[in-house]
Amino acid sequence: MAYPMQLGFQDATSPIMEELLHFHDHTLMIVFLISSLVLYIISLMLTTKLTHTSTMDAQEVETIWTILPAIILILIALPSLRILYMMDEINNPSLTVKAMGHQWYWSYEYTDYEDLSFDSYMIPTSELKPGELRLLEVDNRVVLPMEMTIRMLVSSEDVLHSWAVPSLGLKTDAIPGRLNQTTLMSTRPGLY
């Protein structure tokens, strides 16, 4: 669960979110190294009176600043593609839950069981008890098993919605007339 003034991501509770956090750190390190190098070169050019004019026209420099960015982009793209394929992969889900977005609430249906559906309304701020979180508390929560593959089917009845659980690394758009699918697996119990 997020806490006030939090600067980083929420704690990962799924293998996908752990991979996303590692990818974020990997990419951030590459960006940091590039920024440091550019800052060093700019400060060097501003403080040094000696500039070698023939260096700027050299074929080797042009080759380096063409090939080096291509290598950096490959170092970012390959892990990104691996995670995208991992997120799209579904391995025999144990449970299927259908989430339908409405104007002010969500409807959930456990499709593997007959007549197991409910609506989830947000609790108004005036009715919150001490310790409950504003804009996050609902009257009926979705209960899901841990360490099991779960398929979420997300759609909407009226307008665009977004079904998201940040600590699981999930965010799926609910679009009227379209059924979107995502897979989740929680590695530890908790309220997300």
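Quick note: numbers below take in every heavy atom, side chains included, and nothing from hydrogens, waters or symmetry partners. All residue numbers refer to positions in the sequence shown, counting from 1.
No donor-acceptor pair closer than 3.5 Å links the side chain of Asn140 to the backbone N or O of Ser120. Not one N or O on the side chain of Ser162 forms a donor-acceptor pair closer than 3.5 Å with the backbone of Asp173. The backbone N or O of Val154 lies less than 3.5 Å from no partner atom in the side chain of Asn180, so there is not a single donor-acceptor pair. For the pair Glu137 (side chain) and Leu133 (backbone), a donor-acceptor distance under 3.5 Å is present. Under the 3.5 Å distance criterion, the side-chain polar atoms of Asp112 are matched with a main-chain donor or acceptor of Thr96. Looking at Ser155, its side chain does come within 3.5 Å of a backbone N or O of Arg178 through a donor-acceptor pair. Using modelled atom types, one side-chain atom of Gln6 and one backbone atom of Phe9 make a donor-acceptor pair closer than 3.5 Å.
No single ILVMFWY cluster, assembled from side-chain heavy atoms under 4.5 Å apart, contains both Leu179 and Tyr110. Both Tyr192 and Tyr108 are assigned to one and the same hydrophobic cluster, defined by single-linkage of ILVMFWY side chains at heavy-atom distances under 4.5 Å. Side-chain heavy atoms closer than 4.5 Å link hydrophobic residues (I, L, V, M, F, W, Y) into clusters, and following such links, possibly through other members, connects Val165 to Leu95. In the hydrophobic clustering of this structure, Tyr40 does not group with Phe32; members are Ile, Leu, Val, Met, Phe, Trp, Tyr whose side-chain heavy atoms approach within less than 4.5 Å, directly or through other members.
Side chain to side chain, Ser107 and Asp119 meet the donor-acceptor criterion of an N or O pair below 3.5 Å. A donor and an acceptor atom, one from each side chain of Arg151 and Thr183, are nowhere located under 3.5 Å apart.
No option in Trp104, Trp106, Tyr105 other than Tyr105 meets the ring-ring contact (aromatic ring centres under 6.0 Å, His included) test with His102. When each of Thr172, Leu168, Val97 is paired with Leu184, the side-chain contact (heavy atoms from CB on, under 4.5 Å) condition holds for Leu168 and for no other.
Here the straight-line distance linking atom OG1 of Thr27 with atom CD1 of Ile72 works out to 12.0 Å at 0.5 Å rounding. Atom-to-atom distance recorded for Ile71:CD1 and Ile74:CD1 is 7.0 Å, nearest 0.5 angstrom. For the atom pair CG (Leu46) and CD1 (Ile41), the distance works out to 12.0 Å, reported to the nearest 0.5 Å. In this structure, CG in Leu128 is found 8.5 Å from CZ in Arg134, a value given to the nearest 0.5 Å. To the nearest 0.5 angstrom, His24 atom NE2 is 8.0 Å from Leu21 atom CG.
When side chains are defined from C-beta on, Glu19 counts as touching Met86, because their heavy atoms get closer than 4.5 Å.
More than 12 heavy atoms of other residues, nucleotides or ligands sit less than 6.0 Å from atom CZ of Phe118. Within 6.0 Å of CG on Asp25 lie more than 12 heavy atoms contributed by other residues, nucleotides or ligands. Summarising the local packing, CD of Glu114 is surrounded by 12 or fewer heavy atoms from other residues, nucleotides or ligands at distances under 6.0 Å.
The aromatic rings of His26 and Phe23 lie tilted to each other, with the angle between the two planes from 30° to 60°.
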